[in-house]
Amino acid sequence: QVQLVESGGGLVQAGGSLRLSCAASGRTLRTFSSNVMGWFRQAPGKEREFVSTINWSGLNTHYTDSVKGRFTISRDNGKNMVYLQMNSLKPEDTAVYYCAARTSYIGSLYFTEEHQYNVWGQGTQVTVSS
């Protein structure tokens with residue numbers, strides 16, 4: 001089974017930056033480079049929502065409108081890592097951020113729906129103060 005571990009969360013002032021990392025590991029991790037990866041977030045009292053996704057090659061990415069131009073997703077297949085660079089953070093970005101993987105897909109697409117991912121990390125808290 002593949003495991004995902006997020007790191008890099010913390011407390012930052014509005015306008016600041018954070019870089020989230022997601023490390024993939026596990027006995028069945030043979031084809032990380034073919035996995036679609038995504039970031040989701042859940043704010044207090046709200047449903048978990050899509051943030052960003054990246055396809056296997058890193059050439060296709062997608063963002064929710066509220067983070068476009070501020071967040072950048074990237075991946076390093078040689079290190080089994082996915083990153084989310086978050087700039088110009090706003091208080092409304094405060095949430096627990098989750099890394100997700102779709103491990104059983106071969107193709108160039110990316111995914112934006114929770115049900116399309118089959119492996120999830122435990123989450124990392126991001127708090128943006130005003």
Side-chain angles (χ1 to χ4, degrees):
Q1 179 68 358
V2 174
Q3 292 89 39
L4 302 175
V5 178
E6 303 95 334
S7 61
L11 174 64
V12 64
Q13 288 189 331
S17 298
L18 283 174
R19 187 195 195 203
L20 304 184
S21 298
C22 173
S25 63
R27 291 176 57 193
T28 58
L29 183 65
R30 299 193 186 98
T31 57
F32 174 82
S33 60
S34 68
N35 296 345
V36 176
M37 302 298 297
W39 287 96
F40 290 74
R41 67 186 180 186
Q42 187 168 20
K46 294 188 176 182
E47 302 266 327
R48 188 156 59 182
E49 65 173 356
F50 164 77
V51 175
S52 182
T53 180
I54 188 167
N55 79 327
W56 73 274
S57 68
L59 294 180
N60 289 334
T61 61
H62 186 68
Y63 302 88
T64 191
D65 285 346
S66 63
V67 309
K68 284 181 181 177
R70 300 189 298 122
F71 290 10
T72 302
I73 190 171
S74 62
R75 65 190 298 161
D76 184 336
N77 288 337
K79 296 181 179 179
N80 296 338
M81 296 289 295
V82 177
Y83 306 98
L84 187 67
Q85 178 67 44
M86 306 187 295
N87 298 328
S88 303
L89 282 162
K90 304 175 181 180
E92 50 264 44
D93 294 318
T94 294
V96 177
Y97 283 71
Y98 297 90
C99 177
R102 169 69 177 270
T103 61
S104 55
Y105 169 77
I106 303 295
S108 61
L109 297 179
Y110 52 66
F111 302 119
T112 63
E113 302 292 330
E114 282 191 57
H115 70 87
Q116 294 173 311
Y117 292 86
N118 60 314
V119 182
W120 291 83
Q122 83 289 348
T124 185
Q125 176 70 47
V126 171
T127 303
V128 184
S129 63
S130 57

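- Atom CG of Leu11 sits about 9.5 Å away from atom CD of Gln125, to the nearest 0.5 Å.
- By the 4.5 Å heavy-atom criterion applied to side chains, Leu109 and Asn60 are not counted as neighbours.
- Rounded to the nearest 0.5 Å, atoms OG (Ser57) and CZ (Arg75) are 8.0 Å apart.
- Counting all heavy atoms, side chain and backbone alike, Ser130 lies closest to Ala14 at CA-CB, 4.4 Å.
- Taking CZ of Phe50 as the reference point, atom CD of Glu113 lies at 9.0 Å (rounded to 0.5 Å).
- Listed by first and then second residue, the disulfide (SG to SG under 2.5 Å) pairs involving residues 47-130 are Cys22-Cys99 (not counting sequence neighbours).
- For residues 69-107, the pairs satisfying ring-ring contact (aromatic ring centres under 6.0 Å, His included) are Tyr105-Phe111, with sequence neighbours left out.
- With a 6.0 Å radius and a threshold of 12 heavy atoms from other residues, nucleotides or ligands, Lys46 has its NZ atom at or below the threshold.
- Sorted by first then second residue, the disulfide (SG to SG under 2.5 Å) pairs that include residues 101-130, not counting sequence neighbours, number zero.
- Note: Ser66 OG to Arg41 CZ = 4.5 Å, rounded to the nearest 0.5 Å.
- Side-chain contact, Asn35 with Thr103: no donor N or O sits under 3.5 Å from an acceptor N or O.
- Partners of Glu92 under the salt bridge (charged side-chain N to carboxylate O under 4.0 Å, His left out) rule, at least two apart in sequence or in another chain, do not exist in this structure.
- With rounding to the nearest 0.5 Å, the separation of OH in Tyr63 from CZ in Arg70 is 12.0 Å.
- When side chains are defined from C-beta on, Ser52 counts as touching Leu84, because their heavy atoms get closer than 4.5 Å.
- Using a 4.0 Å cut-off between a side-chain N of Lys or Arg and a carboxylate O of Asp or Glu, Asp93 and Lys90 do not qualify as a salt bridge.
- For Trp120, the ring pair (Phe, Tyr, Trp, His ring centres under 6.0 Å) test picks out Phe40, with sequence neighbours left out.
- To the nearest 0.5 Å, the span separating CZ on Arg102 from CG on Asn118 amounts to 6.5 Å.
- With contacts defined as side-chain heavy-atom distances shorter than 4.5 Å, the pair Glu6/Leu20 does not qualify.
- The nearest pair of heavy atoms linking Gly8 to Leu18 is O-CD2, 3.8 Å.
- With contacts defined as side-chain heavy-atom distances shorter than 4.5 Å, the pair Ser21/Met81 qualifies.
- Contact check for Val12 versus Met86: no side-chain heavy atoms found under the 4.5 Å cut-off.
- Hydrophobic clustering (ILVMFWY, side-chain heavy atoms < 4.5 Å, transitive): Trp39 and Val119 are in one cluster.
- Other cluster members for Ile106: none, since no ILVMFWY side-chain heavy atom sits under 4.5 Å from it.
- The nearest pair of heavy atoms linking Gln85 to Ser17 is NE2-CB, 4.0 Å.
- Transitive grouping of hydrophobic side chains (ILVMFWY, heavy atoms separated by less than 4.5 Å) keeps Trp56 and Met37 in distinct clusters.
- Val36 is listed as a side-chain neighbour of Thr53, based on a closest heavy-atom distance under 4.5 Å.
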